Amino acid sequence: MKRRRILGAAVITAAVFSIPAAVEAASFSDVSEGFWAEEEIGWLADENVMNGYQNGAFGVNDDMTRSQAARTLVRVHGLAPAGAEPVSFTDVDESDKAYPAIAAAVEAGFFAEAEAFHPNEPLTRAQMAAILTRSYDLQQAHEVNYKDVPRDYWAHQQISALAVHRLTTGYEDLAFRPSETVTRAQFGVFLARAEKESFRAPYAVLPQKEARGIYYPEVHGLSKEAEEAVNQTFEQQAKAAAERRQEVMELSEQEPDGELAQAYDYQQNYRVESSSGNYLSVVFRSYEFTGGAHGLSHDTAYTFDPDTGEQVEFPHLFDEHTDYASIFNEKIRSGAPDSGEPFELIVDFEGVDPSTRQFYVTEEGPAVYFQPYEIGPYAAGIPSYTVPWDAFQTEQDEPRPAVRDFSVEIEGMKQEDTFKLMDEAGMPFTTYIPQYFDVENVSSGAADGVLVSAAFTEEAEPTDEPVWRFIYPSYGKGEEGTLESMIQNVYDYARQDDVNLQAVNENDHPDFGEYGIRFENEEGGTYWITILEHDGTFMEWHREYPVEMEEGIGGRAEVLKEQWQWSE
């Protein structure tokens with residue numbers, strides 16, 4: 001049971017010679033502003049529980065010795081060392097300065113009696129778990145499976161209790177590292193969490209083991225409904241991974257090469273990217289090897305609202321007017337992932353899909369990721385791209401137009417609201433446009449359509465060359481046109497001497513009635529021709545980015561295809 005703090009003579013004496021909390025916390029020479037344990041160290045100094053050295057340092061990286069831990073616990077629990085029962089450790093004399101505190105800590109049950117106390121030896125993380133669970137009467141309420149703490153380990157229950165009560169989260173690799181020594185800063189953080197609830201995480205995320213090499217998190221501390229929803233998702237992920245591992249092991253038995261068969265493997269681990277604030281975000285990583293040159297990793301991310309247990313959709317991370325897709329696309333096209341070497345994209349990257357599930361949330365900001373080979377070579381691994389939250393702040397004094405309508409006058413076609421330019425993502429027909437643009441209807445003997453030209457400011461003149469061309473060719477009307485004939489006409493157009501476009505790749509999206517061909521011109525500029533189809537009627541959508549448009553291209557826009565039709 002937690003001891004009440006008693007202001008005994010020793011504590012009062014310490015208070016008389018202490019420095020005010022704010023001054024003392026800031027004055028430690030090795031505790032800079034923003035130091036990871038700054039707040040806890042400041043609070044401990046304020047409470048006169050842990051103070052620094054005479055040289056002005058706190059000793060953040062110094063090992064915490066067993067005698068220092070005894071004196072600190074006696075101080076924080078307000079015990080009276082002078083009246084403690086004598087102890088008979090072979091390496092602790094009554095004349096030792098730490099003897100009264102060691103005796104009081106042993107009498108209180110914080111340390112076990114033994115032949116020797118080892119007062120000057122560094123405290124290990126396992127020992128720290130043992131003395132804190134004893135001094136605060138922490139019980140193991142749930143199973144916890146750190147990778148390096150088996151159930152028969154002597155401090156398994158104590159380490160589990162620390163995790164359950166949110167005094168520790170362990171390491172990112174799902175290990176606790178019980179034999180590592182504890183620094184003064186680390187011990188101070190553990191102690192502050194034990195003493196004060198506000199220093200703890202809002203809920204516990206505990207590692208669980210489903211099968212050999214298969215780990216998943218279990219959450220405790222949310223509402224009953226939210227906890228059940230989150231944990232059910234994690235358990236399903238773990239069971240599916242365990243089933244896949246079983247399949248891989250069965251495949252290994254069929255492998256004729258015995259040495260190769262032993263290398264068959266399937267594992268799943270996870271990492272917690274965020275477990276505070278508005279989001280609980282967890283990323284599972286699986287690794288599979290079933291022969292070949294190398295194995296393959298795969299990430300699966302889940303982001304929840306911890307209040308409700310509902311999964312968060314990617315667009316819901318941002319304000320409805322935020323052009324988040326353009327911001328991410330610029331980051332991704334820069335070729336600089338969060339970690340690893342920069343690389344050139346191996347695909348013609350069209351932009352982040354707003355419905356993507358490949359995202360997670362960090363304290364710094366949201367992140368998107370891509371599986372191996374999805375946009376980069378194998379050496380790129382699973383590249384991720386994190387954008388700081390403040391990059392998504394919108395300028396309220398210059399609102400962008402939400403919708404820009406225009407219509408066309410084409411013989412035989414209804415003209416009302418044929419197309420719209422929009423600042424919202426969601427449809428497949430997306431590209432980049434500047435904030436300001438002009439629309440012009442054009443007509444010729446061979447085709448009718450719309451030209452869209454761009455401007456960099458509201459006062460500036462639009463570019464001489466249009467950015468988009470919406471063309472309704474005469475050969476695409478009604479029964480006269482087929483997709484094959486449209487594609488052939490596009491290639492015939494590109495091969496004209498005065499056009500001279502080189503085809504780079506093609507993209508077929510039949511579900512959206514879209515067929516795209518990407519070209520490059522002699523100057524290296526990008527030129528797209530997309531064929532849109534509705535009820536047997538075709539339209540060509542030409543997009544060209546002039547050189548002067550390389551800088552200043554702004555918000556994401558989309559073309560919303562309406563239900564156009566030819567009049568009979």
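Just so it is clear, the model here is predicted, and its values are computed rather than measured.
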**Request:** Answer yes or no: is there a donor N or O on one side and an acceptor on the other, between the side chain of Arg71 and the main chain of Tyr99, under 3.5 Å?
**Result:** no

**Message:** Could you check whether atom CD of Glu344 has more than 12 heavy atoms from other residues, nucleotides or ligands sitting under 6.0 Å from it?
**Reply:** no

**Item:** Check: Asp96 side chain, Ala98 main-chain N or O, donor-acceptor pair, under 3.5 Å
**Value:** no

**For the student: nearest non-hydrogen atoms of Ala130 and Thr133, plus distance** = O-OG1, 2.9 Å

**Request:** Answer with yes or no after comparing the ring centroid distance for Phe176 and His156 against a 6.0 Å cut-off, counting only values under it.
**Result:** no

**For Phe234, the option from Phe304, Tyr270, Tyr216 that meets ring pair (Phe, Tyr, Trp, His ring centres under 6.0 Å)** = Phe304

**Item:** Side-chain touch Pro372/Ile382, heavy atoms, less than 4.5 angstrom
**Value:** yes

**Message:** Could you go through Gln158 and Arg134, starting from their C-alpha distance and side-chain angles, then the distance that decides it, and tell me whether this counts as side chain to side chain donor-acceptor pair (under 3.5 Å)?
**Reply:** CA-CA 9 Å; Gln158 292 92 330; Arg134 293 170 190 157; over 6 Å; no

**Message:** Please determine whether salt bridge (Lys or Arg N to Asp or Glu O under 4.0 Å) holds for the pair Lys97 and Asp93, giving the CA-CA distance in whole Å, both sets of side-chain angles, and the decisive distance to 0.1 Å.
**Reply:** CA-CA 9 Å; Lys97 184 178 180 180; Asp93 295 327; over 6 Å; no

**Complete:** dist Asp30:CG -> Phe58:CZ (nearest 0.5 Å) comes out at 8.0 Å

**Message:** Apply salt bridge (Lys or Arg N to Asp or Glu O under 4.0 Å) to residues Arg357 and Glu313 and explain how you reach the verdict.
**Reply:** CA-CA 8 Å; Arg357 303 298 305 173; Glu313 301 293 332; 3.1 Å; yes

**Message:** With a 3.5 Å distance limit and no angle check, can you tell me whether Ser334 reaches the backbone of Lys331 through a side-chain donor-acceptor pair?
**Reply:** yes

**Under 3.5 Å: donor-acceptor pair, side chain of Asp148, backbone of Arg177** = yes

**Prompt:** Do the ring planes of Phe284 and Tyr302 sit parallel (below 30°), tilted (30 to 60°) or perpendicular (above 60°)?
**Reply:** perpendicular

**Prompt:** Are Arg125 and Thr168 close enough that some pair of their side-chain heavy atoms sits under 4.5 Å apart?
**Reply:** yes

**Prompt:** Distance-only, no hydrogens or angles: does the Asn231 side chain make a donor-acceptor pair with backbone N or O of Val219 under 3.5 Å?
**Reply:** yes

**Request:** Mind telling me whether Phe289 and Tyr264 have parallel, tilted or perpendicular rings, with 30° and 60° as the class edges?
**Result:** perpendicular

**Complete:** Here the pair of heavy atoms bringing Arg75 nearest to Asn48 is CD-O, 2.8 Å

**Val87 side chain reached by Glu113 side chain, heavy atoms, under 4.5 Å** = no

**Asked** Do Thr300 and Gln237 have side chains that get closer than 4.5 Å, going by heavy atoms?
**Response** yes

**Complete:** Tightest non-hydrogen contact, residues Pro217 and Val205, listed as CB-CG1, 3.6 Å

**Asked** In this structure, which one of Ile131, Thr65, Thr181 forms a side chain to side chain contact (heavy atoms under 4.5 Å, CB included) with Leu123?
**Response** Ile131

**Message:** Cation-pi check for Phe349 against Arg333: NZ or CZ below 6.0 Å from the six-membered ring centre and within 45 degrees of the axis, yes or no?
**Reply:** no

**Prompt:** Do His77 and Tyr136 pass the ring pair (Phe, Tyr, Trp, His ring centres under 6.0 Å) test, and can you show the C-alpha distance, the side-chain angles, and the key distance before you say yes or no?
**Reply:** CA-CA 10 Å; His77 288 296; Tyr136 289 91; 4.8 Å; yes

**Item:** Reported OH-to-CD distance for the pair Tyr215 and Gln267, which is rounded to 0.5 angstrom
**Value:** 9.5 Å

**Item:** Aromatic plane relationship, Phe318 with Phe328 - under 30° parallel, 30 to 60° tilted, over 60° perpendicular
**Value:** perpendicular

**Prompt:** For Arg285, does its backbone N or O pair with a side-chain atom of Asn269 as donor and acceptor, under 3.5 Å?
**Reply:** no

**Request:** Verify the neighbour count for atom CD of Glu364: are there more than 12 heavy atoms of other residues, nucleotides or ligands below 6.0 Å?
**Result:** yes

**Request:** Please assess Glu247 against Arg244 for the test salt bridge (Lys or Arg N to Asp or Glu O under 4.0 Å), listing each intermediate value before the final yes or no.
**Result:** CA-CA 5 Å; Glu247 293 172 357; Arg244 179 55 187 164; 2.9 Å; yes

**Request:** Please confirm whether the backbone N or O of Thr124 pairs with a side-chain atom of Glu180, one donor and one acceptor, at under 3.5 Å?
**Result:** no

**Asked** So which of Thr303, Val272, Asp299 actually passes side chain to side chain contact (heavy atoms under 4.5 Å, CB included) with Val283?
**Response** Asp299

**Request:** Carefully, step by step, assess Thr386 and Asp338 under the rule side chain to side chain donor-acceptor pair (under 3.5 Å).
**Result:** CA-CA 7 Å; Thr386 303; Asp338 292 340; 2.7 Å; yes

**Prompt:** Would you say the side chains of Glu374 and Gln358 form a donor-acceptor pair under 3.5 Å?
**Reply:** yes

**Side chains of Glu363 and Ser274 in contact at under 4.5 Å (non-hydrogen atoms)** = yes

**Message:** Measuring from atom OH of Tyr203 to atom OG of Ser275, what distance do you get when rounded to the nearest 0.5 angstrom?
**Reply:** 5.0 Å

**Message:** Whether the side chain of Arg193 engages the backbone of Arg166 through a donor-acceptor N/O pair (distance < 3.5 Å, no angle test) should be reported.
**Reply:** no

**Asked** Is there a side-chain contact between Glu273 and Val282, using heavy atoms and a 4.5 Å cut-off?
**Response** no

**Closest non-hydrogen atom pair, Ser252 against Ala261** = O-CB, 3.3 Å

**Asked** In Å, rounded to the nearest 0.5 Å, how long is the span from CG of Leu206 to CD of Glu143?
**Response** 10.0 Å

**Message:** Is there a side chain to side chain donor-acceptor pair (under 3.5 Å) between Ser326 and Asp323? Walk through the geometry before answering.
**Reply:** CA-CA 6 Å; Ser326 294; Asp323 188 16; 2.8 Å; yes

**Request:** Run the numbers on Arg245 and Asp265 for salt bridge (Lys or Arg N to Asp or Glu O under 4.0 Å), then give the verdict.
**Result:** CA-CA 7 Å; Arg245 175 177 174 78; Asp265 194 13; 3.1 Å; yes

**Request:** Would you please indicate if the ring centroids of His294 and Tyr378 are separated by under 6.0 Å?
**Result:** yes

**Message:** Under 6.0 Å between ring centres: does that hold for Tyr171 and Tyr146?
**Reply:** no

**Item:** Check: Arg66 main-chain N/O paired with Glu121 side-chain donor or acceptor under 3.5 Å
**Value:** no

**Message:** Counting only heavy atoms from other residues, nucleotides and ligands, does the tally under 6.0 Å from CD of Glu310 exceed 12?
**Reply:** no

**Request:** Take the angle between the ring planes of Phe199 and Trp43 and call it parallel below 30°, perpendicular above 60°, tilted in between.
**Result:** perpendicular

**Shortest non-hydrogen contact between Arg200 and His165, atoms and distance** = NH1-O, 3.1 Å

**Asked** Strictly by modelled atom types, are Gln371 and Ser297 linked by a side-chain donor-acceptor pair under 3.5 Å?
**Response** no

**Message:** Checking Glu115 against Ser88 for the side chain to side chain donor-acceptor pair (under 3.5 Å) test, could you report, in this order, the C-alpha distance in whole Å, the side-chain angles of both residues, the deciding distance, and whether it holds?
**Reply:** CA-CA 8 Å; Glu115 181 178 350; Ser88 56; over 6 Å; no

**Asked** Just wondering, do Glu288 and Val248 contact through their side chains at under 4.5 Å, heavy atoms?
**Response** yes

**Request:** Report yes or no: does Asp305 contribute a side-chain atom to a donor-acceptor pair with the main-chain N or O of Val312 at less than 3.5 Å?
**Result:** no

**Message:** Can you confirm whether Ile102 sits close enough to Ser67 that some side-chain heavy atom of one is under 4.5 Å from a side-chain heavy atom of the other?
**Reply:** yes

**Complete:** Heavy atoms of Gly376 and Phe343 approach each other most closely as CA-CE1, 3.6 Å

